[in-house]
Amino acid sequence: RERIRIHNSCSKQMNLRIERVNDSDTMTMLTSNTAMEERASDGDEIRLLDDKRELIHAITIQPNFKEVDIASSCTKLEGK
């Protein structure tokens, strides 16, 4: 895998940090009800952050994930 789709089902903009095992980490944000593709490999971690950049939830990318979704509750990430 070289990329993963990230979808935001939350009703507000959310901050994300992608922590890559073999590459530099990146900060990004995703607006409500949108999706994007990011460089990522299996084993990389996606962190959901609040407005103060504090950790809300994190998920490690698994080989069976087609995408990662920010849940409508805005409090967790789900691999699909």
Side-chain angles (χ1 to χ4, degrees):
R1 162 194 324 270
E2 294 180 6
R3 304 184 76 72
I4 187 119
R5 184 174 188 269
I6 305 170
H7 180 263
N8 186 3
S9 296
C10 171
S11 61
K12 61 183 181 178
Q13 178 174 290
M14 298 300 292
N15 297 304
L16 297 167
R17 179 176 176 90
I18 301 168
E19 303 218 343
R20 299 183 179 106
V21 175
N22 297 314
D23 201 352
S24 58
D25 299 343
T26 190
M27 292 283 296
T28 189
M29 62 181 66
L30 194 56
T31 55
S32 169
N33 296 308
T34 59
M36 65 184 220
E37 287 209 355
E38 270 293 334
R39 251 178 333 114
S41 300
D42 297 341
D44 290 353
E45 186 175 73
I46 300 176
R47 294 180 172 202
L48 184 62
L49 307 173
D50 65 15
D51 292 337
K52 297 177 186 160
R53 305 277 196 261
E54 307 259 338
L55 180 66
I56 298 171
H57 190 245
I59 195 168
T60 301
I61 298 171
Q62 302 297 318
N64 60 324
F65 288 3
K66 298 223 182 326
E67 75 173 25
V68 172
D69 186 60
I70 302 171
S72 58
S73 65
C74 308
T75 60
K76 68 179 180 175
L77 297 162
E78 298 172 328
K80 298 182 174 184

Apply the test side-chain contact (heavy atoms from CB on, under 4.5 Å) to residues R3 and R39: give CA-CA distance (whole Å), side-chain angles for both, the deciding distance (0.1 Å), then the verdict. CA-CA 4 Å; R3 304 184 76 72; R39 251 178 333 114; 3.7 Å; yes
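- Contact detail for I59 and G79: the closest heavy-atom pair is CD1-N, 3.4 Å.
- Cluster annotation: L49 is not connected to I46 through the hydrophobic network of ILVMFWY side chains, with a link wherever side-chain heavy atoms come within less than 4.5 Å.
- The one candidate from M29, R47, E54 that meets the side-chain contact (heavy atoms from CB on, under 4.5 Å) condition with N15 is M29.
- Going from atom CG of L30 over to atom CD of E38 covers 9.5 Å, rounded to the nearest 0.5 Å.
- Judged by distance alone, the side chain of S32 and the main-chain N or O of C10 form a donor-acceptor pair under 3.5 Å.
- In this structure, C74 and S11 approach most closely via the heavy-atom pair SG-N, 3.9 Å.
- Rounded to the nearest 0.5 angstrom, I56 CD1 and D50 CG are separated by 5.0 Å.
- E45 is not listed as a side-chain neighbour of R17, based on a closest heavy-atom distance of 4.5 Å or more.
- Distance OG1/T34 to CE/M14: 12.0 Å, rounded to 0.5 Å.
- The side-chain heavy atoms of V68 and E78, taken from C-beta on, include no pair separated by under 4.5 Å.
- Between the side chains of T75 and S73, a donor-acceptor pair is found at a separation under 3.5 Å.
- Applying the disulfide (SG to SG under 2.5 Å) definition to pairs two or more places apart or across chains, none involves residues 27-62.
- A distance-only check finds no donor-acceptor pair linking the side chain of D23 to the backbone of R20 [under 3.5 Å].
- When atom types are taken as modelled, the side chain of N8 and the backbone of N33 share no donor-acceptor pair closer than 3.5 angstrom.
- Between K80 and K66 there is no side-chain heavy-atom pair separated by less than 4.5 Å.
- In the model, D69 has a side-chain atom that pairs as donor or acceptor with a side-chain atom of S9 under 3.5 Å.
- Atom CG of N22 is surrounded by 12 or fewer heavy atoms from other residues, nucleotides or ligands within 6.0 Å.
- In this structure, I6 and I18 have side chains that are in contact, with non-hydrogen atoms separated by less than 4.5 Å.
- Under the 4.5 Å side-chain heavy-atom criterion for Ile, Leu, Val, Met, Phe, Trp and Tyr, L55 and I70 are members of distinct hydrophobic clusters.
- Both L77 and M36 are assigned to one and the same hydrophobic cluster, defined by single-linkage of ILVMFWY side chains at heavy-atom distances under 4.5 Å.
- No side-chain heavy atom of D42 sits less than 4.5 Å from a side-chain heavy atom of F65.
- A40 and I4 get closest at one heavy-atom pair: CB-CG2, 3.6 Å.
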